[in-house]
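Taking it in order: structure first as structure tokens, then the write-up.
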Amino acid sequence: MIKRSFFALSKPRLTYDLLDTSLQSAEPLAVPGSLTLLLPEKIDSAKKALIGPGDAVKKGQKLKLYDDSTPYVLSPVAGTIKGFDSYSDDFGNKATYIMIKPNPSAKGDEQWAQTNLEQTLEFAVGHLGQIPGALPFSTLANPDYDIRTIVVTGADTDLLCDTCQFVCSAYADQMAAGARILKAMIRADRICITVPENLSVQVDLDGFNILRTSDTYPSNLPAMVMKDHLGKVLSPGTIPENEGVCFIRPEALVSLARIYETGHPVFDKVITLIDKGGKRYRVKATIGTPISKILSCFNVQINERDRVIIGGPMRGLATYTVHHPVVPDMDTIMVQDRDVIAELSDSACVNCGECIRICPANVPVNLLVRYLEANLYEEAADRFDLESCIECGLCSYVCRARIPLYQYIRLGKHELLTLRENA
Amino acid sequence: MREMLSMIVVLTVLTAVSGGLLAAVEQTTRPQIEEQVLKFQKEPAIKEIFPDATNNPIQERADVTADGTTLQVFPAVLSNGKKAVAFEAKGTGFGGPVGLMVGINIDTDEIIAVRVTTHSETPGIGSRAKEDLSFVSQFAGKSMSANFSLKKGGGDIDAMSGATVTSGGVSQAAIAAQALYKKLKPEIVKQIAN
Amino acid sequence: MAQSLVKEFTKGLWAEIPPFRLVLGLCPTLAVTKTVENGIGMGVATTFVLVFSNILISMLRNIIPSKVRIACYIVIIATFVTIVEFMMQAYTYELFLKLGIFIPLIVVNCIVLGRAEAFAGKNTVIPSAADGLGMGIGFTMSLAALGAVRELIGAGTLTVWGGSPIFEIGHGYIPFQFMVEAPGAFIGLGLMLCLMNLIGQK
Amino acid sequence: MGDLFVLAISCIFINNILLAQFLGNCPFLGTSKKMETAMGMGMAVVFVLVMAGMITWIVDVYLLKAMNVEFLRTVSFILVIAALVQFVEMFLKKSIPGLYAGLGIFLPLITTNCAVMGVCLINIKEEYTFIEALVSSFAYAVGFGLALVLFAGVRERVILSRVPKPLQDTSIGLVTAGLIALIFTIFRGMV
Amino acid sequence: MTNTKLIVSHAPFWHSGDSLFQQNLNFLIALVPAALFGIFKFGAPALGVLTLATSSAMLWEVIMAIISKQKIAIADMESAVIGLLFGMMVPATMPWWVVITGTFVAVVLGKYVFGGIGGNPFHPTLVGIAILMMSWPAFLDFDTAYVSYQFDFTALAPLAALKSQGTSVLSSFSTYDLLMGNEVGGIGSTFGLGIIIGGIYLILRGYTRWEIVVAFIAGILITATLFYVLHPDTYAPPLFHLFSGYTLLGAFFLAVENSSSPVHRIPMLVYGFLGGFMIILVRNIGIYPDGTILSILLINLINPLIDVIKPKALGKGVSHA
Ligand SMILES: Cc1cc2nc3c(=O)[nH]c(=O)nc-3n(C[C@H](O)[C@H](O)[C@H](O)COP(=O)(O)O)c2cc1C
Ligand SMILES: Cc1cc2nc3c(=O)[nH]c(=O)nc-3n(C[C@H](O)[C@H](O)[C@H](O)COP(=O)(O)O)c2cc1C
Ligand SMILES: Cc1cc2nc3c(=O)[nH]c(=O)nc-3n(C[C@H](O)[C@H](O)[C@H](O)COP(=O)(O)O)c2cc1C
Ligand SMILES: Cc1cc2nc3c(=O)[nH]c(=O)nc-3n(C[C@H](O)[C@H](O)[C@H](O)CO)c2cc1C
Ligand code: SF4
Ligand code: SF4
Ligand code: SF4
Ligand code: SF4
Ligand code: FES
């Protein structure tokens, strides 16, 4: 981890890692004996579910809990549903784990064979919502947005991560093909791709509008790309989609191309594992594979009180269980030793101003945190620019009082939304 | 209309009664108040300035007027038969006005003594001007034509350490007394002759 | 009857003691509590005005038209304030000098008008007198207590009446002057309020 | 002109009505928890105090002193101020509703505010001329507003910090006010 | 591995390593040159006062935490800094009970009542010194404090001498003497060079905000120069002001206290400049010989009002498309 420099007159500068060229390819991982799917809807015991334990599922079958529900998952294998479990995320949002036992002997790809692979947005919304790379079709199809620009994040958004760069260099052709398919589906005027300005690996990016991003964090975050390269500053509380821009992963385009090329669904996700020493491993794992399988595959040892982080060091999520499955938008898994974990505190803000110096969005974090602590969310938004925060996590990184500022802010935004919805 | 009338009547009556009552109270307390003012503000200072007065300067007080300036003076006859007069002058100190009672020998125009009467200086700092006589005793024996400014301002008076502002106020009062004395001396002499 | 009278009287002594419970009448509380004596003097003067204005207002409450009620209350209060002013000038002149402008300002002391409006304008003479006396004594107690704290720390003495202290800490003590200065008044009152909150919590 | 300037500076800073003269403390503590409220109160006081200062001066010089009934000063001043506040309230309500909405709730508070009555009495006690009384009223009011706004700024932050329970609210407000009074002694002797 | 307890904490998972302890440790380190010099010059009593001030401040912190049943937070060393600064501002002959009363006021009235760390709107040490100054001015009088000492320089506190005797005393104090600590004053406030070195160390380490220091010194120099140019006979020259009294300690260590100073650039400049300006105003036309303490408290007071001048947050004021 990067340390405060001895002389710290100027603000700290965190730089993105460039593609780790020692890893030429992603190692395929065998389908494990049990898969877990994450369905973002909670089980309602009052309603009769469409699926249940013991049901046989086919590869690519669309699994929904109820007739009227929108969220669905696609089964990556043919097999049998073993059971359900409930899962809750950061802010208490509930979801459901669906456990599936693969049945290698079953011939289960009829579901897709029966379906005509239409190249339309309607089809994609209904059937391609869970492809590796998680292409946000429902957003693209949302009539509230008028998406005209697609930005492919060829430059990874978080530190240490290089999955996106890897995908761009290893699967450049398929990415370009995917982009053509996507362009045909939606009315996008242009497809851009962010590329680190110092990237040495030559990638063929014909047909893309190339945006060279600087190597200083957080210049690859959507809000910064919007501001620096698209000339559109997001007003507080809005997302890129409000401005007609949608950010997608390169891998989503690759998956799109592979599906239409082969006529079959694909479920193998490229994942970078970063171990405690910072060494990277590249793997292709089936969606639904528990993280523990990937870890044991590379002999990464996890001890009591270590951390397993999904994503990068600045914006990732620590998971409480190594059974958590690979999901379509999981690019990086990072393991952190308990000894390097920075201690956080419940101290009050001491007004040192470090966060002010570093915040790329000019958020007055020192005052904001006081209002968040007092649960004054509306005031925090009106007077202290809660919604201008682009969630880069830098304030937390430098906070001298070691307040979990980033988390306070995310929670604050969440509470603000709840407040406004209830109003 | 009735309501309006009753409002006016009640207010008027109330105000009138109040005015009458207050007028009566004022009338009854006036002499007592005047006596109190003299007793607490002036008498102690005058007693200290003229410890050997053979008359009662307070009782013999008189107002002298010249050129529209009126001054209350306290004439005294000292034990050696000399005639003297005391009056009060004001300067501005640290916390507000500082009153200085100045006692003068009429024949020699020399100061007999001065005392601080009223002040609102900080206790222990500026208030030493009243309590600790080493400062005001500098004035005793000086002629009324001497320079009563502080040494810092080119005069003869040593400021109290840590309370230059108060010292300045007292010096200001003494200078004001000089001006008053110069202007009113003939009237004072006339008054005392009576 | 007697019981409720006692209640009207005692509520001013703790439950609604000004200025701690009702944060009103702060100016005299802060300004004149350099010594216990000043505090008591101010308190007694205010009590006098409170009791007599309460009595008179409750007597006249049926005659006074409600639209001009505040004006009438003010005239009555101001009259008693002026009487107190003259009396103090005549008989306790030194105290009068120390309390200065705060004697005429009793007229705008929120407590006095507050009691007139909240109590005397709606009740009969005797309870109104009890209310005024209770509040007045409560106010006096508060001022005396704050005065005691400030004087004891800030001057090392306690002066209840007549200028000479009834108690002195001793010659070794160097007074903590801050407490009798203006800022000490605010902080002294703030800390006393904290103490009352602590007692109240228990 | 220079003297008036000195008078104004002295009334705003050195003899600040709140922090040096102890007048107007109830609204000082009551309306300082929020900056907006503090500013409203500050403006209301400027408005009323200037008018009250002028009118009471006229009443004192041309009525009370002329008729030799100075003992009615307290009674007449308080009546004048109460009437003035009523009148200002009615006038603003009718003719400048915007300002009225801004000041509205603070106006009645001002009647029972020591600062207004106090300054009127000080004007007389110091034997100011009409112009001096006008300047002093305005400057005292500005000093009141300044102290109030400074206090509100600090208090908004103090309210958000982890003040121990028994000290919360008025108690810590008074402690803060005390420290501000201490700080204001910096202006002593400057004119 | 399957049942291993993992730590679920929140992003970011990296930290710069900065901490309050680091900050305060560095503060103490930066104070060392001036404090050591004070000990050499004023001897064992100075060492006694510094130790007592530092330890008693920490003790008050512990006592208050125990009384109010809060977590004891002396490990962040904040109270040690408050105490040491207090010790450095007072004379070496200050009686022990005055020292512990002073640190009590500083820690309790300056910090504890406002909710402890980060809550204090004013510099706690200055609150302590200001209240002490108002209560027991005699113990802070540097002229009388050192009567039993033999110095080979003018044993008059420069600013007090200037106030009471006018500019004629200036010839007794050379700029070099003031800078090298050849003057009487607080234990750690006389050695200008040491304070400057410590202060610059802190700035370079990023533990103080240079904008405040620079604007503060600029405020002093500009204001003092204006006075001096207009009336060279009445007012002291700018460098005399800069190197005498608490000025340097104020600029490098007191005005920059985190909790009571602004964090945005323009407010920092205004804040610092106003502080320097007020010091000179007090010295030249006010009643106090040194104005540093109250001037800094005054800018602490206006800090919340000016620290709202800040760069526009990202997207603020941008209209929706
Ligand atoms: C918190 C505290 C406050 C004290 N305040 C005073 C004081 O105000 N005046 C004083 O003379 N001694 C004060 N003392 C000092 C001791 O009580 C002790 O009497 C003194 O040091 C004896 O010194 P002496 O013999 O030189 O008089 C204080 C001590 C403490 C711990
Ligand atoms: C006299 C002394 C001086 C020190 N100076 C520094 C310093 O300038 N910078 C610093 O980071 N730590 C300094 N330290 C603190 C230790 O080196 C500390 O344990 C170390 O910084 C902690 O390392 P960490 O930041 O990697 O946890 C000093 C310690 C002592 C005793
Ligand atoms: C009262 C006042 C004092 C100032 N003093 C300084 C100063 O001493 N040094 C300085 O560089 N800027 C000072 N400034 C600010 C500059 O004029 C200018 O606004 C600032 O340096 C712009 O900084 P930035 O654009 O780099 O953020 C001061 C501003 C004000 C209002
Ligand atoms: C709390 C306090 C009170 C003061 N009171 C006075 C005072 O009453 N009279 C005075 O001349 N100086 C007073 N001073 C100012 C100061 O002691 C003195 O004027 C300067 O030291 C210059 O001599 C006071 C200072 C302080 C800090
Ligand atoms: S998968 Fe997403 S987060 Fe990971 S490297 Fe690629 S674009 Fe970045
Ligand atoms: S944390 Fe996840 S989404 Fe963010 S950059 Fe890293 S891999 Fe991409
Ligand atoms: S996370 Fe912190 S530093 Fe990043 S934009 Fe938000 S407030 Fe600013
Ligand atoms: S970095 Fe942390 S302690 Fe420093 S000002 Fe920001 S929130 Fe406060
Ligand atoms: S007592 Fe002065 S404003 Fe209330």
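Lettering of chains follows the sequences in order, A, B, ..., and the numbering in each one begins at 1.
Your options are E:L20, E:N258, E:V263, E:L204, and the one with the most heavy-atom pairs under 4.5 Å with chain A is E:N258. When each of A:C399, A:C355, A:S5, A:A401 is scored by its heavy-atom pairs under 4.5 Å with chain E, the top score falls to A:C399. Counting heavy-atom pairs closer than 4.5 Å to chain E, the top residue among A:A8, A:P290, A:G244 is A:A8. Taking A:R338, A:Q407, A:K232, A:E391 one by one and counting their heavy-atom pairs under 4.5 Å with chain E, the maximum is reached by A:Q407. Each of A:E387, A:K227, A:M314 has some count of heavy-atom pairs under 4.5 Å with chain E, and the biggest count is that of A:M314. Of all the listed residues (A:C389, A:P360, A:P364), the one sharing the greatest number of non-hydrogen pairs under 4.5 Å with chain E is A:P364.
When the side chain to side chain contact (heavy atoms under 4.5 Å, CB included) test is applied to A:A348, the partners found at least two apart in sequence or on another chain are D:R162. By the side chain to side chain contact (heavy atoms under 4.5 Å, CB included) test, A:H229 pairs with A:L211, A:T213, A:V225, sequence neighbours left out.
For chain E, the nearby part of A:L317 is the backbone; its heavy atoms alone come within less than 4.5 Å. Heavy-atom distances place the side chain of A:I309, and not its backbone, under 4.5 Å from chain E. Neither the backbone nor the side chain of E:T208 comes within contact range of chain A; no heavy atoms are under 4.5 Å apart. With a threshold of 4.5 angstrom between heavy atoms, E:K71 approaches chain A through side-chain atoms but not through N, CA, C or O. For A:D146, no part lies under 4.5 angstrom from a heavy atom of chain E. With a 4.5 angstrom heavy-atom cutoff, A:C349 touches chain E only via backbone atoms. Using a 4.5 Å cut-off between heavy atoms, A:S347 touches chain E through its side chain atoms alone. Of the two parts of E:K316, the backbone and the side chain both hold a non-hydrogen atom closer than 4.5 Å to a non-hydrogen atom of chain A.
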Checking salt bridge (Lys or Arg N to Asp or Glu O under 4.0 Å) for the pair A:E354/A:R357: CA distance, chi angles, key distance, verdict?
CA-CA 5 Å; A:E354 291 288 312; A:R357 280 208 294 174; 3.2 Å; yes
Under the salt bridge (Lys or Arg N to Asp or Glu O under 4.0 Å) rule, what do A:R315 and A:D158 come out as? Steps first, then yes or no, please.
CA-CA 7 Å; A:R315 293 160 48 92; A:D158 206 338; 5.2 Å; no
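Near-neighbour residues of residues 104-112 of chain E relative to chain A, defined by a heavy atom under 4.5 Å from a heavy atom of that chain, are none.
Defined by atom type and a distance below 3.5 Å, a donor-acceptor pair is present between the side-chain atoms of A:Y97 and A:H324. Residues E:N120 and E:E257 have side chains that bring a donor and an acceptor to within less than 3.5 angstrom of each other. Looking only at atom types and distance, the side chain of E:Q22 has no donor-acceptor partner in the side chain of E:S19 under 3.5 Å away. With no hydrogens or angles considered, no side-chain donor-acceptor pair links E:T292 and E:T247 at under 3.5 Å.
Each of A:L372, A:L411, A:L386 was evaluated against A:L416; a single residue qualifies, A:L386, per the side-chain contact (heavy atoms from CB on, under 4.5 Å) test.
Side-chain atoms of A:N242 come within 3.5 Å of backbone atoms of A:I239 as a donor-acceptor pair (strictly under, hydrogens ignored). A donor-acceptor contact shorter than 3.5 Å links the side chain of A:Q336 to the backbone of E:F13.
Contact check on A:D306 versus A:K276 returns a salt bridge, with a Lys/Arg side-chain nitrogen under 4.0 Å from an Asp/Glu carboxylate oxygen.
Contacts classified as salt bridge (Lys or Arg N to Asp or Glu O under 4.0 Å) and involving residues 295-306 of chain E (residues at least two apart or in different chains) are not found.
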